[in-house]
S.K.: 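Sending over a structure as structure tokens; questions will come in a sec.
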Amino acid sequence: MEEKNLEALLEEDRQFIPSEEFHKNALIQSADIYEQGQSLGFWEEQAKQLSWLSPWEKTLEWNPPFAQWFVGGKLNASANCLDRHLHNWHRNKAAIIFEGENGDSQVLTYQDLHREVSKFANVLKANGVNKGDRVTIYLPMIPEAVISMLACARLGAPHSVVFGGFSSEALRDRVIDAQAKVVITSDGSFRRGNTIPLKDNTDIALDGVDCVEHVFVIQRTKQTVQMKENRDLWYHEEMAKASPVCPAEPMDAEDMLFILYTSGTTGKPKGVVHTTGGYMVGVSTTHRWVFDLKEEDVYWCTADVGWITGHSYIVYGPLANGATVLMYEGSPDYPNRDRFWEIVEKYKVTILYTAPTAIRTFMKWGPQYPQSRDLSSLRLLGSVGEPINPEAWMWYYKYIGGERCPIVDTWWQTETGMIMMTPLPGITSLKPGSCTVPFPGVRIEVVDSAGHPVPKGSGGYLAIKEPWPAMLRNIYGDPARFERTYFGNWPGVYFPGDGAKWDKDGYFWILGRVDDVINVSGHRIGTMEVESALVDHPSVAEAAVIGKNHEVKGQALACFVTLKEGIEITPDLENELKKHVAKKIGALARPDDIFFTAELPKTRSGKIMRRLLRDIAEGRAIGDTTTLADASVVNTLKANYQE
Ligand code: WTA
């Protein structure tokens, strides 16, 4: 890459054009692809890359807000990720290279993975899992997580993966909402040398829940667990008895592939529904082109399979493309702060896809860690989950990419299923901090509140103007919420909840969420979820939660809390409340700050003015307070907050 310094040294004006060498070897070398993306035929062409059991009759049926793609087509996601790679030498290619936190490692070829998935699908089937039944997966980052997902897909049983860092209460809500018949978990998971008791959490979560017939337990940490008779089964015992032959169920393109819960503006997480055909087309195409995938690549996405990034870009996209996927179980600083770079060196990783919060953490630790390792195998870097600030982008470019690797900053969401805005690394000039332009075949604009495009150079709301293959189809069990949340602003136009501006070249710059969702270290947390967790504590009367700028996490949770009559503020109480939130939701939602106040700033109609709380927490001048019922509340708050 060459740095093309434009008029000014302003960071926003820096541009990096693809190097001649990268361009000439890239899968996509011509911008004509954007032209082609303007017709539906484009997605039909991409769909032909997959293997279909019967062809589709109609590419798109769009009855806003409900879309159907590849109508009438039949395929199976697991067969596309496995069976079709078995016919040639590819069967012996590494599908998953696993690195455990303790340094143990394991390689599964496509043939191995196919065998394990088929066996587990048979185990599930023998225990009553049929097409359409929901299965909850609550596991660490181990190969069995991928095996479980693909085994469900093989049977046509939608999976609902719940991130292993969620609490038993969060797990319980998700199991009940999906009415899962089976839960797959492990005895525990490793975390920085400690263990987290996933099976114990599951037992608590399932107490009194009657939809679940069986719990499969994978042995990972070998810690002691209770096995409930007639309900719980050891994975390894069942696998030992299972046949390795299991035909993949022919699924309709619009049959549900999975549910994935994500935070929204109300307290109740939304079960985002993804279906089979369009999702597979979207994730395989984007994975191939955005990461310029070559047969010999070693591709590492550092996300957890519990998030959409893991679903689309550890499991379905890369495996459909026959890639070698590196999977790491643990944290970046265990046992040392060079663990990621040790892994890159050890396996000669060529493509690394990670999150800005991780990059900012590495920056804080200093360049000596990556510098102590050989990172010369890397050829392409990716970023996802939150806006990447130009400073972090430059650091990533310099210290990880050796000023040689393009960075693809990819904007998308749980709901979009696939990457929606991104550079194509062989042709797009990069600007640090911009996710550049929409992927071919995707139509996104920056609009005003009436839904009209704002002039280039201005800011507004992101709006997705046309359906795309991997779009969510519904919110599980709540179509009205689906319609209201995503299509309630402008008819037939999808609203992602993000603010953005586009510059004079039409490049997009994401400004962050404009709804009540906070992005903490790339994890979506609803303010309402945290507020309900706080008021659930016996001492709390009322709570307002906001996202406050944070150097490493992007945003951090700051909570303003009023206590019930007669409750005294003690140093312990703050900690107790933080712990309470972590217990209710999971450690990822543990607040950074709890601030006790006698009153919260409210409008005359009783609405809490979070905007003012944000001003206070970030030490800004307080904005307009004319609509407040009692303006003095803000002044008192501000004075006390600064103390
Ligand atoms: C934010 C993660 C800026 C955005 C794949 C979006 C980003 C939310 C980027 C979705 C990016 C994701 N630049 N912001 N490259 N990628 N976001 O559902 O606010 O966990 O709405 O999906 O993350 O988060 P989710």
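Please read all numbers here as calculations on a predicted model, not as lab measurements. Each ligand, and each atom within it, is numbered from 1 in the order the structure gives.
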S.K.: Is the side chain of W468 donor-acceptor paired with the backbone N or O of T416 at a distance under 3.5 Å, no angle test?
M.R.: yes
S.K.: If a pair satisfies salt bridge (Lys or Arg N to Asp or Glu O under 4.0 Å) and one of its residues is in residues 408-428, list it, with sequence neighbours excluded.
M.R.: K270-E415, E415-R524
S.K.: Taking only residues at least two apart or on different chains, which pairs with a member in residues 446-459 satisfy side chain to side chain donor-acceptor pair (under 3.5 Å)?
M.R.: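 Matches after skipping sequence neighbours: none remain.
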S.K.: In terms of relative ring orientation, are Y461 and W490 parallel, tilted or perpendicular, with 30° and 60° separating the classes?
M.R.: tilted
S.K.: Check ligand 1 for close polar pairs with the protein: N or O on both sides, less than 3.5 Å.
M.R.:
from	atom 1	to	atom 2	distance (Å)
ligand 1	13 (N)	E386	O	3.3
ligand 1	14 (N)	P387	N	3.4
ligand 1	15 (N)	D409	OD1	2.7
ligand 1	15 (N)	T410	O	2.7
ligand 1	16 (N)	G385	N	3.1
ligand 1	17 (N)	G385	O	3.3
ligand 1	18 (O)	T414	N	2.8
ligand 1	18 (O)	T414	OG1	2.6
ligand 1	18 (O)	R524	NH1	2.8
ligand 1	19 (O)	D498	OD1	3.0
ligand 1	19 (O)	D498	OD2	2.9
ligand 1	21 (O)	Q413	NE2	2.9
ligand 1	21 (O)	D498	OD1	2.9
ligand 1	21 (O)	D498	OD2	3.3
ligand 1	21 (O)	R513	NH1	2.8
ligand 1	22 (O)	T414	N	3.4
ligand 1	23 (O)	G385	O	3.2
ligand 1	23 (O)	N519	ND2	3.4

S.K.: Please list all pairs passing the salt bridge (Lys or Arg N to Asp or Glu O under 4.0 Å) test where one or both residues lie in residues 471-491, with sequence neighbours left out.
M.R.: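 Of all non-adjacent pairs touching residues 471-491, those that pass salt bridge (Lys or Arg N to Asp or Glu O under 4.0 Å) are E254-R473.
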S.K.: Given salt bridge (Lys or Arg N to Asp or Glu O under 4.0 Å), test R360 with E386 step by step and report yes or no.
M.R.: CA-CA 12 Å; R360 291 191 296 262; E386 48 175 322; 2.8 Å; yes
